[in-house]
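Below is one structure, written out as structure tokens, with a few remarks after it.
Atom set for the values below is all heavy atoms of this structure, side chains included, hydrogens, waters and symmetry mates excluded. The residues of the chain are indexed from 1 along the displayed sequence. All of these numbers come straight from a predicted model, not from anything done at the bench.
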Amino acid sequence: MNEILTASTMWMIPAQNQSWVSEFILLGFSSDPTTNSILFVVFLPIYLSSVLGNGLIIMLVCLDTQLHTPMYFFLCILSLLDMSYVTTTMPQMLVHLLAHSQTISFAGCWMQMYMFSALGITESTLFVVMAYDRYVAICYPLRYTVILNWGLCIWLGAGTWACGFFSSLLHAFFTMNLPYCGPNRVNHYFCEGPSVRSLACMDTHVIELVDLVLSVFVVVTPISLIVASYIRIAMAILKIKSMQARCKAFSTCASHLTVVTFFYAPCTYIYMRPNSSYSPERDKQISLFYNVFTALLNPVVYSLRNKDIKRAFLKVMGHGRV
């Protein structure tokens with residue numbers, strides 16, 4: 001009887017104490033102080049430029065009434081997502097580059113993982129909505145404002161956030177509910193799911209299967225829908241007789257396709273590749289593309305290639321001088 005009770009008590013320990021680890025150590029990119037100082041000088045301007053660039057787009061869309069259209073409404077949401085997305089990881093990484101301690105609490109790690117995943121899934125879903133926006137604009141130009149009325153736009157915008165924050169609960173819950181009894185050194189610059197999960201004191205094949213199913217939902221399904229939308233868009237553009245109108249239609253899709261490629265290419269590699277090819281050092285570098293550089297790239301692509309954004313910027317600057 002005592003043996004049965006003892007075995008029962010031992011089985012319950014992980015359930016009562018979700019982890020024996022109270023904090024994690026984020027190893028970052030290097031342990032050399034000089035290298036970290038150089039990285040700080042490189043990444044600080046990138047982070048500030050990302051926040052300022054995306055903030056500028058949000059401000060222009062809000063201030064200029066001519067930008068109050070579905071396309072710029074979704075672009076505004078994308079900029080807000082990018083600002084939030086990069087802020088979940090970069091400020092802490094910058095602090096760790098200069099600080100002697102690179103620790104993060106268990107709760108802080110859970111929250112960072114959840115927010116990063118939630119914002120990433122939300123952005124992935126938003127790209128599908130933006131592809132649908134381009135599909136309606138090019139294939140049904142005369143009915144564009146009727147089909148994409150403000151009521152539907154608000155529902156689509158809210159739906160992307162709800163989808164992201166709900167789906168991320170599964171990923172964060174299953175990963176952080178694993179028993180962590182040491183070591184606690186995460187070979188990454190933030191609490192990224194696979195890197196943290198590799199430290200669990202139990203077999204994680206079931207959790208990895210759940211993550212794979214979730215990855216199919218948030219990566220493969222959106223990519224398939226975007227490709228389907230652009231096949232229809234390409235067919236509609238090829239039917240346009242005017243070469244000038246055809247080029248204009250293609251140019252309206254170029255910005256979206258550029259940011260979609262830079263976002264999904266590294267995401268597909270990180271979350272859809274087999275576990276046998278897992279490489280912490282390579283994954284850290286690749287994650288910079290869909291986390292840091294995509295947030296910096298989006299405002300550059302949409303401002304340099306977009307006449308409406310340029311016009312709105314000059315208009316705001318003109319009012320400022322007055």
Distance check, rounded to the nearest 0.5 Å: D64 atom CG versus I309 atom CD1?
8.5 Å
What residues, two or more places apart in sequence or in another chain, satisfy side-chain hydrogen bond (donor to acceptor under 3.5 Å, both in side chains) together with Y114?
none
What's in the same ILVMFWY side-chain cluster as V213, cut-off under 4.5 Å, chained through other members?
none
Donor-acceptor contact present, side-chain Q102 to main-chain H96, <3.5 Å
yes
Answer yes or no: is there a donor N or O on one side and an acceptor on the other, between the side chain of T175 and the main chain of A172, under 3.5 Å?
no
Cluster check V196, I25: I/L/V/M/F/W/Y, side chain < 4.5 angstrom
no
Looking at side-chain heavy atoms only, is the closest gap between R185 and L26 below 4.5 Å?
no
S124 and Y264: side chain to side chain donor-acceptor pair (under 3.5 Å), yes or no, with the steps?
CA-CA 8 Å; S124 176; Y264 280 112; 2.9 Å; yes
So, the side chain of N54 versus the backbone of S50: is there a donor-acceptor pair under 3.5 Å, distance only?
yes
Taking the two cysteines C109 and C191, decide whether their SG atoms are closer than 2.5 angstrom.
yes
Hydrogens and angles aside, do N291 and T89 bring a side-chain donor and acceptor to less than 3.5 Å of each other?
yes
F293 versus L288: any side-chain heavy-atom pair under 4.5 Å?
yes
For the side chain of H68 and the backbone of V61, is there at least one donor-acceptor N/O pair under 3.5 Å apart?
yes
Can you find a pair of side-chain heavy atoms, one from S287 and one from H188, that are under 4.5 Å apart?
yes
Quick one: side-chain hydrogen bond (donor to acceptor under 3.5 Å, both in side chains) partners of T87, sequence neighbours excluded?
Y47
Do you see a donor-acceptor pair shorter than 3.5 Å between the side chains of D133 and Y144?
yes
Counting the benzene-type ring for Trp, do Y230 and Y135 have ring centres under 6.0 Å apart?
no
Side-chain contact, heavy-atom cut-off 4.5 Å: M93 with F190?
no
Does the side chain of L199 reach to within under 4.5 Å of the side chain of F24, using non-hydrogen atoms?
yes
What I'd like to find out is whether the side chain of V146 reaches to under 4.5 Å of the side chain of Y140, using heavy atoms alone.
no
Students often mix this up, so state it plainly: with edges at 30° and 60°, are the rings of Y85 and F116 parallel, tilted or perpendicular?
parallel
Verdict with supporting geometry, L126 and T122, side-chain contact (heavy atoms from CB on, under 4.5 Å):
CA-CA 6 Å; L126 181 65; T122 301; 5.5 Å; no
Any link between I237 and V227 through a network of hydrophobic side chains (Ile, Leu, Val, Met, Phe, Trp, Tyr) touching at under 4.5 Å?
yes
S117 and S168: side chain donor to acceptor below 3.5 Å
yes
Less than 4.5 Å apart, side chain to side chain, heavy atoms only: is that true for R311 and L67?
yes
Can the ring centroids of F289 and F262 be said to lie less than 6.0 angstrom from one another?
no
